[in-house]
There are 2 protein chains.
Amino acid sequence: MKWDTLDEEPCSLSRTVAVVGDRWTLLILRECFLRVRRFEGFQSSLQITRHLLSERLKKLVRFGILRRVPYSEAPKRYEYILTQKGLDLYPIIMAMVHWGDTHMGDERGRPLLHQHKTCGKQFDPVMVCSECGEPLHAKQVHVHAGPGRKEALG
Amino acid sequence: MKWDTLDEEPCSLSRTVAVVGDRWTLLILRECFLRVRRFEGFQSSLQITRHLLSERLKKLVRFGILRRVPYSEAPKRYEYILTQKGLDLYPIIMAMVHWGDTHMGDERGRPLLHQHKTCGKQFDPVMVCSECGEPLHAKQVHVHAGPGRKEALG
DNA sequence: GGCTATAGTTCTAAAATAGAACTGTCAAAC
DNA sequence: GTTTGACAGTTCTATTTTAGAACTATAGCC
C-alpha cells in the first residue's frame, strides 16, 4: 500500500484514515478536545516520544486540522489550536468514545461523562439520518457509486 | 506507550483506539460493511499483505468484532462476519466517511452515496444529543470525570 | 497426475517507533 | 555573570512492525 497517496484515493474513508488513522494521532486529537494546546502538554499527558509528537503535529498542521499559533515572541513559542476542519472531527472522536463506553467498559463505570450545555443533560451521541432524523443502522443503508468513484474508475 | 494494555486504560477513546485505531483495521472494516467476508476478498480489494491480513482478522475475532464462521467443511474454509459489536462500529465509519466527504473532497465529487432505506432518501449522517436531539458541537459539551476515571485515579 | 482455488504461514528487507540524550532560547535565581 | 529551569523541539541507536514475495496444505476438476 502506498500510504503517501492514501488521501487521494476515491474513497472518503481512506482519505480520512490517511489523516487521522493511527493511534497517536487519535490520542493527540483527544487531548486537543480536552483543551491541551502545547507541546509539553501533549508530551507529558500522552508519554509519546518527542520525535513522534513533533512529526504528528506537523502532519496535523499540514492537513489543516491544527493551526500553529505563536503565544510568545521571545523565545518563539507556539501552541496548536483546532481549526474548524479539526473541530469537525468531533463526531468521529465521540463515536469512538461512545463505542468504547458501550463495548469496552469494565466494572468501574464510565471514565468520562458528557453534558450538553444546550439542554443541560448528560447525554450519549446518536447518529441519525439528515433527512428523516431516525437513528442510523448499517443494514438500513444502501450504498452506491457517486460521481467521484465513477470518474476515478473511468 | 504500552499498546498491549491500551484497551484497559481509564479512557473509552483509548480502548476503542486499541481495537480499531490503525490504518489496516479501519480499511478492513470498511470492506466488512461493503459485504466482503472472505480472506481472498479482503486481500484482493485492499492489496494488504497476507500476513498482516491474517493478524488483523485474528485480532478482530479476538475482540469479538468479527465471527469466524465455517462455510465449507472439506476443505475447512471460514468467512468473517460482523457481530453486533462490530455492526455498532458503523457510526465511527460513517463519521469518518462524512468528514472525508466534507473536507477531503476533490473536483470529481463524492466517491460513494448513501441511501437510507427507511426514508428512501440520499443522506448524510448527523450526530445528535440523545436527550434533546440537537446536533452536537464540541464547544457545547462539558466533560467531567465519571466513576471509572475516579476509581482508576483514586 | 497436473491445474486451480482458498486460506493461510514463513522468510528477509525496509520502514516506523521507542527511548534517551542533545540543542537553543530566554527568564529568573543566586 | 553564571547557574538553573522551562519550553519546543532535533538527533541518535536499538527494537518492533510492515512490505513483498515465496511457500504450504487441502480439495475439486479435467
Side-chain angles (χ1 to χ4, degrees), chain A residues 1-7 9 14 17-29 31-32 35-63 66-82, chain B residues 1-7 9 14 17-29 31-32 35-63 66-82:
Chain A
M1 170 64 75
K2 4 74 218 148
W3 293 122
D4 43 333
T5 56
L6 189 63
D7 59 318
E9 290 280 299
S14 296
V17 166
V19 184
V20 302
D22 74 280
R23 281 151 144 66
W24 282 127
T25 299
L26 288 164
L27 294 175
I28 289 169
L29 287 169
E31 297 301 306
C32 291
R35 316 287 197 273
V36 173
R37 296 165 141 79
R38 299 184 184 179
F39 192 94
E40 298 294 322
F42 292 112
Q43 206 280 318
S44 66
S45 66
L46 292 175
Q47 297 296 102
I48 182 176
T49 64
R50 308 177 75 77
H51 177 59
L52 273 200
L53 176 57
S54 175
E55 291 293 311
R56 291 294 191 276
L57 289 173
K58 271 181 208 159
K59 181 176 167 187
L60 288 169
V61 169
R62 183 155 38 83
F63 276 112
L66 297 176
R67 253 196 346 266
R68 192 158 172 270
V69 181
Y71 72 90
S72 153
E73 278 307 316
K76 274 274 187 189
R77 293 285 153 72
Y78 299 90
E79 46 190 16
Y80 296 88
I81 314 277
L82 284 165
Chain B
M1 171 63 76
K2 5 72 219 147
W3 294 123
D4 43 334
T5 56
L6 190 63
D7 59 318
E9 290 281 298
S14 296
V17 166
V19 183
V20 302
D22 75 280
R23 281 151 146 63
W24 281 128
T25 299
L26 287 164
L27 294 176
I28 289 168
L29 287 169
E31 297 300 307
C32 291
R35 316 287 196 272
V36 173
R37 295 165 141 78
R38 299 185 183 176
F39 192 93
E40 298 294 323
F42 292 111
Q43 207 278 321
S44 64
S45 66
L46 292 174
Q47 297 297 101
I48 183 177
T49 63
R50 308 178 73 78
H51 177 59
L52 273 201
L53 176 57
S54 176
E55 290 294 309
R56 292 293 190 276
L57 289 173
K58 271 181 206 160
K59 181 177 167 187
L60 288 169
V61 169
R62 182 154 40 84
F63 276 112
L66 297 176
R67 256 197 341 269
R68 192 157 171 271
V69 181
Y71 71 90
S72 153
E73 278 306 317
K76 273 275 187 189
R77 293 285 151 72
Y78 299 90
E79 47 189 16
Y80 296 88
I81 315 277
L82 284 165

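Computed from a predicted model, the values in this text were never measured in an experiment. Every chain is numbered from 1 and lettered A, B, ... according to where its sequence line falls, protein lines coming before strand lines.
Proximity note for B/Arg56 (side chain, C-beta onward) versus D/dT18, C/dA18, D/dA8: the nearest is D/dT18. Considering only side-chain atoms of B/Thr49, the nucleotide from D/dA19, C/dA7, C/dC26 that sits closest is D/dA19. Closest to the side chain of A/Arg38, from the set D/dA8, C/dA7, D/dA27, is D/dA8.
The interatomic distance linking B/Leu52 (CG) with D/dT16 (C1') rounds to 13 Å, in whole Å. Straight-line distance from the NZ atom of A/Lys76 to the P atom of C/dA27: 15 Å, rounded to whole Å. Between the P atom of D/dT13 and the NE2 atom of A/His51 lies a distance of 13 Å, rounded to the nearest Å. Distance CD (B/Glu73) to C1' (D/dT26): 13 Å, rounded to an integer number of Å. Separating the CZ atom of A/Arg77 from the C1' atom of C/dT25 is a distance of 7 Å, rounded to the nearest angstrom. In this entry the distance linking CD of A/Glu55 with P of C/dA18 reads 12 Å, nearest Å. Distance CD (A/Gln43) to P (D/dT10): 14 Å, rounded to an integer number of Å. One can place CG of A/Leu53 at 16 Å from C1' of C/dA20, the figure rounded to the nearest angstrom.
The phosphate of C/dT9 has OP1 or OP2 within less than 4.0 Å of a side-chain N or O from B/Ser54. Close to D/dG9, at under 4.0 Å from its OP1 or OP2, lies a side-chain N or O of A/Tyr80. A sub-4.0 Å separation between OP1 or OP2 of D/dA19 and a side-chain N or O of A/Trp3 is present. Regarding contacts with the backbone of D/dT17, every side-chain N or O of B/Trp24 stays at 4.0 angstrom or more from both OP1 and OP2. Neither OP1 nor OP2 of D/dT17 sits under 4.0 Å from any side-chain N or O of A/Arg23. In terms of phosphate contacts, A/Tyr78 brings no side-chain nitrogen or oxygen within less than 4.0 Å of OP1 or OP2 of C/dT25. Dashed line: the shortest gap from a side-chain N or O of A/Arg68 to OP1 or OP2 of D/dG9 is under 4.0 Å. An OP1 or OP2 oxygen of D/dT10 is reached within less than 4.0 angstrom by a side-chain nitrogen or oxygen of A/Lys58.
A heavy-atom distance below 4.5 Å is found between the side chains of A/Tyr80 and A/Arg68. Contact annotation: the side chain of B/Phe39 never approaches that of B/Arg77 to less than 4.5 Å [non-hydrogen atoms, C-beta and beyond].
Between B/Cys32 and B/Leu66, the closest heavy-atom pair is SG-CD2, 3.7 Å.
When heavy atoms are screened at a 4.0 angstrom cut-off, A/Phe42 is found touching no nucleic acid atom at all.
Remark: side-chain polar atoms of B/Gln43 are paired, donor with acceptor, to backbone N or O of B/Ile48 under 3.5 angstrom.
Heavy-atom nearest nucleotides on DNA chain D were determined for B/Ile48 and for A/Gly41, and the one closer to the 5' end corresponds to A/Gly41. Between B/Arg50 and B/Ala74, the residue anchored nearer the 5' end of DNA chain D, judged by the nucleotide with its closest heavy atom, is B/Arg50.
Taking the centre and axis of the six-membered ring of B/Tyr71, the NZ or CZ atom of B/Arg37 falls outside the cone set by 45° and 6.0 Å.
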Stepwise salt bridge (Lys or Arg N to Asp or Glu O under 4.0 Å) check, B/Glu40 with B/Arg50
CA-CA 9 Å; B/Glu40 298 294 323; B/Arg50 308 178 73 78; 2.6 Å; yes

